[in-house]
Amino acid sequence: MDTQPTIEPSWLARPAPEVAPDLIGCTLVRQFEDGRVFRGLIVETEAYAPGDPACHGYRRLSDRNRHMFGAAGTTYVYQIYGIHHCLNIVTDEEGLPSAVLIRALQLDSIPPWVDRTREPKAHRVAAGPGKLCRILGIDRRLSGQTLYPGQPLSLEHRAPQWQLDLVQTTRIGISQGTDLPWRWYLDRCSAVSKP
DNA sequence: TCTAAGATGGCA
DNA sequence: GCCATCTTAGAA
C-alpha cells in the first residue's frame with residue numbers, strides 16, 4: 001500500500017468521539033533517532049472527552065494530565081500500573097481535555113528487539129495500548145510532542161477509497177463512563193486487543 | 001501525609 | 001484469577 005498524505009493538526013481539531021473512528025485505518029509512524037522507521041496501521045481506538053468521567057482531565061488540569069489539554073495534533077502519553085505506557089492523540093480545541101487512545105496497531109514489520117517467545121504471534125505484538133508503546137519505545141518523554149514527519153511520531157491518512165468495516169462498542173478497562181460507546185475497531189482484525 | 005486505585009499485560 | 005510496580009489524585 002502506498003504512503004498516504006500527512007494528517008494535519010486541523011483535521012484532528014474535532015471532538016474525540018468524531019476523530020477516533022476516523023483514525024482507524026490511518027498509519028502511525030514511529031521514527032527513531034537513528035533514522036529507523038516503523039509503521040503501524042491503527043486498528044483500535046477509544047475516545048476521551050470533556051464531561052466524560054473516565055477522562056483523565058475530567059476534574060481538573062494537573063501535572064500528570066496537562067498534555068491532554070494541549071493543541072490538536074500533539075501527543076499525551078501517561079504511565080499506568082507503574083509499568084505500562086499508553087499513547088493518546090490529542091484532539092479538539094486547546095484547553096479542552098480531549099484525546100484518542102491508540103489501543104492496537106498492525107505493524108508493517110516486527111522490530112528486531114521484540115522477544116518472540118513472549119508473543120509468538122507476530123500479528124499481535126502491538127495488540128494492546130501498553131504493548132504497542134513498549135514495542136515502539138514510547139514513554140512519557142514523547143508526551144506533549146507534535147505529530148509531524150521527521151518527529152518521533154507522525155500520522156498518515158488512510159487510503160481514500162478504503163471501505164472500512166468498523167465495530168463500535170463500549171470502552172475497556174475503565175470503571176466510570178462504561179456506558180459510552182466510544183471504542184472502535186476494525187472488524188475481524190486479528191491485531192485488535194479484544195474483539 | 002497516607003493510601004487506594006489505575007484507559008494493562010503476562011503467567012499460573 | 002493473581003500479581004508486578006509506581007505515580008497520582010483524593011482523602012484525612
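Labels below follow one simple rule: chain letters A, B, ... track the order of the sequence lines, proteins then strands, and each chain is numbered from 1. Only heavy atoms go into these numbers, but all of them, side chains included; no hydrogens, no water, no symmetry mates.
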Asker: My validator wants the stems of DNA chain C: runs of 3 or more consecutive Watson-Crick or G-U pairs, both distances under 3.5 Å, written as range with range.
Answerer: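 Looking at DNA chain C, the stems formed by three or more consecutive pairs are B:1-6 with C:6-11, B:8-11 with C:1-4.
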Asker: Under 4.0 Å between a side-chain nitrogen and a carboxylate oxygen: does that hold for A:D92 and A:R14?
Answerer: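 Salt bridge flag = no for A:R14 with A:D92.
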Asker: Using distance alone, with no hydrogens and no angle criterion, decide if A:R103 and A:S193 have a side-chain donor and acceptor under 3.5 Å apart.
Answerer: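 Checked: A:R103/A:S193 side chains pair up, N/O donor to acceptor below 3.5 Å.
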Asker: May I ask you to check whether A:T75 and A:S143 show a side-chain donor-acceptor distance below 3.5 Å?
Answerer: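 On atom types as modelled, these side chains do not qualify, holding no pair under 3.5 Å.
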Asker: Below 4.0 angstrom, which residues in residues 173-193 of chain A have at least one non-hydrogen atom near DNA chain B?
Answerer: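 Output list: A:G173, A:I174, A:S175.
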Asker: So which of A:L87, A:V37, A:L107, A:I138 actually passes side-chain contact (heavy atoms from CB on, under 4.5 Å) with A:R30?
Answerer: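 Of the listed residues A:L87, A:V37, A:L107, A:I138, the side-chain contact (heavy atoms from CB on, under 4.5 Å) partner of A:R30 is A:I138.
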Asker: What distance separates A:R66 CZ from A:M68 CE, expressed to the nearest 0.5 Å?
Answerer: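 The distance works out to 14.5 Å.
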Asker: Any chance you could lay out the side-chain contact (heavy atoms from CB on, under 4.5 Å) test for A:Y78 and A:R64, step after step, and finish with the verdict?
Answerer: CA-CA 7 Å; A:Y78 66 92; A:R64 179 213 194 193; 3.8 Å; yes
Asker: Would you say A:E18 has more than 12 foreign heavy atoms packed within less than 6.0 Å of its CD?
Answerer: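 Yes.
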Asker: Can we say A:D52 and A:R171 salt-bridge, meaning some charged N sits less than 4.0 Å from an Asp/Glu carboxylate O?
Answerer: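 The answer is yes: the pair qualifies as a salt bridge.
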Asker: CG of A:L105 to NZ of A:K131: how many Å apart, nearest 0.5 Å?
Answerer: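 That separation rounds to 11.5 Å.
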Asker: Can you tell me which residue among A:T170, A:I172, A:L101 is in a side-chain contact (heavy atoms from CB on, under 4.5 Å) with A:R183?
Answerer: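 In the set A:T170, A:I172, A:L101, the residue that makes a side-chain contact (heavy atoms from CB on, under 4.5 Å) with A:R183 is A:I172.
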Asker: Using the P atom in both, what is the distance from C:dT5 to B:dC2, to the nearest Å?
Answerer: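 Taking atom P in both C:dT5 and B:dC2, they lie 23 Å apart.
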Asker: First locate atom OG1 of A:T3, then atom NE2 of A:H157, and finally report the distance between them rounded to the nearest 0.5 Å.
Answerer: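 So the gap between those two atoms works out to 13.5 Å.
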Asker: With rounding to the nearest 0.5 angstrom, report the CG to CD distance, A:L147 to A:E156.
Answerer: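 Rounded to the nearest 0.5 Å, the CG-CD separation comes to 11.5 Å.
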Asker: Would you compute the distance between atom OH of A:Y148 and atom CD1 of A:I7 and round it to the nearest 0.5 angstrom?
Answerer: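 It is 12.5 Å, given to the nearest 0.5 Å.
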Asker: Please list each protein N or O that sits under 3.5 Å from an N or O in nucleotides 1-8 of chain C, with the distance.
Answerer:
residue	atom	partner	partner atom	Å
C:dT5	O2	A:Y81	O	2.3

Asker: Expected output is a numbered-order residue list: members of residues 14-28 of chain A with a heavy atom under 4.0 Å from any atom of DNA chain C. What is it?
Answerer: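 Hits under 4.0 Å, by residue number: none.
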Asker: List for me each residue that meets side-chain contact (heavy atoms from CB on, under 4.5 Å) alongside A:V167, sequence neighbours excluded, and say none if there are none.
Answerer: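 So A:V167 forms a side-chain contact (heavy atoms from CB on, under 4.5 Å) with A:T169, A:Y185, A:D187.
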Asker: Pairing donors with acceptors under 3.5 angstrom, does anything connect the side chains of A:Y76 and A:H56?
Answerer: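 On atom types as modelled, these side chains qualify, holding a pair under 3.5 Å.
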Asker: At the 4.0 Å heavy-atom cut-off to chain A, mark where contacts on DNA chain B begin and end, going 5' to 3'.
Answerer: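 Nucleotide range with atoms under 4.0 Å of chain A: B:dG6 to B:dG10.
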